[in-house]
**Student:** 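Take a look at the following structure, please.
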Amino acid sequence: MRTMRKAAVAAVAAAAALALAGCGSDSGGDKATDKPATVEKPEKKGGTVLDQPFAKPDLELTDTHGKSYDLIKETKGHPTLLYFGYTHCPDICPLTMSNISMAKSKLPEEQQKKLRVVFVTTDPKRDTPKELGEWLDGQDPSFIGLTGDFDTIQAGARAVGVSVEPSYKKKNGDIVSTHGAQLLVFSPKDDKAHVLYTEKNTGPEILEKDLPKLIEGKNP
């Protein structure tokens with residue numbers, strides 16, 4: 001993939017940062033809708049190589065074992081995929097995690113051991129460490145789940161261009177949550193995100209092709 005010019009990348013990153021997935025579910029959790037905001041221009045296949053990479057957000061949260069987890073310290077020197085979402089999301093979040101899991105399973109064992117996949121909940125009131133852990137175990141037991149104070153999570157997300165808003169309950173009891181649908185890839189060489197994938201570009205075939213290069217700190 002050729003690196004886009006700065007102006008083009010800035011436009012794509014800005015559009016991605018503003019694209020929120022609005023997810024609503026009733027209190028019983030039996031019905032749900034997930035309608036991502038639309039982007040007028042068609043998206044290119046594959047990840048976007050950022051001209052100005054994002055520094056890894058300074059996040060200290062709680063993992064699925066109830067222990068403190070320092071994102072920068074724990075993932076230093078490892079190729080890291082970072083995604084902000086929540087377990088009650090009806091389709092975008094589980095699909096993205098499933099796609100990552102499928103692509104990861106095709107990697108050689110040595111590369112799988114290097115990779116870190118971090119899922120940060122945007123709905124910490126409902127996503128307890130236990131619930132988050134059970135949900136991620138259904139995707140891939142090696143995935144790292146983090147929860148904690150919402151303001152801390154929101155600040156961390158905003159630091160990498162991901163827009164996150166608090167969940168709220170509608171008059172009919174439906175709970176609505178919004179979260180960015182971007183997948184950020186941090187290089188093991190400098191711990192910065194040089195590549196960003198949007199919702200429509202995280203298919204398993206795309207990730208399967210790109211992950212080997214990303215794990216070695218190269219752009220796809």
Side-chain angles (χ1 to χ4, degrees), residues 15-40 42-43 45 47 59 61-64 81-105 117-154 156-158 160-185 196-208:
L18 292 173
L20 289 178
C23 312
S25 62
D26 69 342
S27 56
D30 296 322
K31 297 180 181 179
T33 59
D34 196 342
K35 298 180 180 179
T38 58
V39 178
E40 292 183 3
E43 298 181 51
K45 261 199 168 183
L59 282 173
L61 297 168
T62 303
D63 67 15
T64 54
L81 307 186
L82 178 64
Y83 188 84
F84 291 86
Y86 69 113
T87 65
H88 290 78
C89 177
D91 47 27
I92 293 177
C93 298
L95 178 60
T96 300
M97 291 297 105
S98 176
N99 289 344
I100 295 172
S101 177
M102 289 175 62
K104 174 177 172 284
S105 69
V117 180
V118 181
F119 182 95
V120 180
T121 181
T122 59
D123 187 13
K125 287 186 177 179
R126 289 190 290 177
D127 284 343
T128 63
K130 180 181 178 181
E131 180 157 350
L132 188 56
E134 291 176 349
W135 187 80
L136 286 174
D137 279 349
Q139 300 286 352
D140 186 315
S142 73
F143 287 179
I144 299 158
L146 300 178
T147 186
D149 175 69
F150 177 80
D151 290 340
T152 300
I153 292 170
Q154 184 180 53
R158 287 178 174 175
V160 290
V162 178
S163 184
V164 172
E165 297 299 332
S167 301
Y168 64 92
K169 183 179 289 188
K170 296 169 67 175
K171 290 182 179 180
N172 64 0
D174 289 356
I175 296 175
V176 178
S177 295
T178 59
H179 62 91
Q182 301 98 291
L183 175 66
L184 292 140
V185 185
L196 175 150
Y197 291 84
T198 54
E199 174 201 343
K200 295 180 180 179
N201 288 316
T202 55
E205 70 286 346
I206 293 175
L207 294 177
E208 182 181 342

**Student:** Distance from T152 atom OG1 to L146 atom CG, nearest 0.5 Å?
**Tutor:**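 The CG atom of L146 is 12.0 Å from OG1 of T152, to the nearest 0.5 Å.
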**Student:** Begin with the C-alpha distance, continue with both residues' side-chain angles, and end with the deciding distance and a verdict on side-chain contact (heavy atoms from CB on, under 4.5 Å) for L81 and Y197.
**Tutor:** CA-CA 10 Å; L81 307 186; Y197 291 84; over 6 Å; no
**Student:** Looking at every non-hydrogen atom in both residues, tell me the closest pair between L184 and V160 and how far apart they are.
**Tutor:** CD1-CG2, 3.5 Å
**Student:** Going from CG on L132 to CG on D137, what distance comes out if it is rounded to the nearest 0.5 angstrom?
**Tutor:** 9.5 Å
**Student:** Which heavy atom in V162 sits nearest to a heavy atom in G180, and how many Å separate them?
**Tutor:** CG1-CA, 3.8 Å
**Student:** Considering all heavy atoms of both residues, which atom of C89 and which atom of P94 are nearest to each other, and what is their separation?
**Tutor:** O-CD, 3.5 Å
**Student:** Test side-chain contact (heavy atoms from CB on, under 4.5 Å) on C93 and H88 and set out the steps.
**Tutor:** CA-CA 9 Å; C93 298; H88 290 78; over 6 Å; no
**Student:** Take F143 and S101 through the test side-chain contact (heavy atoms from CB on, under 4.5 Å) and record every step on the way to the result.
**Tutor:** CA-CA 9 Å; F143 287 179; S101 177; 4.0 Å; yes
**Student:** Can you tell which of T128, T122, T121 makes a side chain to side chain contact (heavy atoms under 4.5 Å, CB included) with T147?
**Tutor:**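 Looking at T128, T122, T121, the match for T147 under the side chain to side chain contact (heavy atoms under 4.5 Å, CB included) is T121.
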**Student:** Checking T96 now: which residues fulfil side-chain contact (heavy atoms from CB on, under 4.5 Å) with it, not counting sequence neighbours?
**Tutor:** Y83, I92, I100, T202
**Student:** Taking all heavy atoms of P204 and all of N99, pick out the closest pair and write down the distance.
**Tutor:**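 Of all heavy-atom pairs spanning P204 and N99, the closest is CD-OD1, 3.3 Å.
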**Student:** In sequence, state the C-alpha distance, the side-chain angles, and the governing distance for Q154 and E165, and then conclude on side-chain contact (heavy atoms from CB on, under 4.5 Å).
**Tutor:** CA-CA 7 Å; Q154 184 180 53; E165 297 299 332; 3.8 Å; yes
**Student:** Would you indicate whether the side-chain heavy atoms of L183 and L207 approach each other to under 4.5 Å?
**Tutor:**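 The answer is yes, as the side chains (C-beta and beyond) meet within the 4.5 Å cut-off.
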**Student:** Restricting to side chain to side chain donor-acceptor pair (under 3.5 Å), what partner residues turn up for S98, sequence neighbours left out?
**Tutor:**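 None.
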**Student:** How long is the straight-line distance from OG of S167 back to NZ of K125, given to the nearest 0.5 Å?
**Tutor:**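 Between K125 NZ and S167 OG, I get 8.0 Å after rounding to 0.5 Å.
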**Student:** CE/M97 to CH2/W135 distance, rounded to the nearest 0.5 angstrom?
**Tutor:** 6.0 Å
**Student:** Under 3.5 Å, is there a donor-acceptor pair between the side chain of Q182 and the main chain of G161?
**Tutor:**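 Indeed, once roles are kept as given, a pair shorter than 3.5 Å links the two residues.
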**Student:** Is there side-chain contact between K104 and D140, with at least one heavy-atom pair below 4.5 Å?
**Tutor:** yes
**Student:** Checking D127 against T87: is there a side-chain donor and acceptor pair closer than 3.5 Å?
**Tutor:**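 There is such a pair between these side chains.
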**Student:** Please name the pair of heavy atoms, one in F84 and one in I153, separated by the smallest distance, quoted to 0.1 Å.
**Tutor:**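 Smallest heavy-atom distance, with atoms named: CE2-O, 4.0 Å.
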**Student:** For G148 versus L61, what's the shortest heavy-atom pair and its separation?
**Tutor:** CA-CD2, 4.1 Å
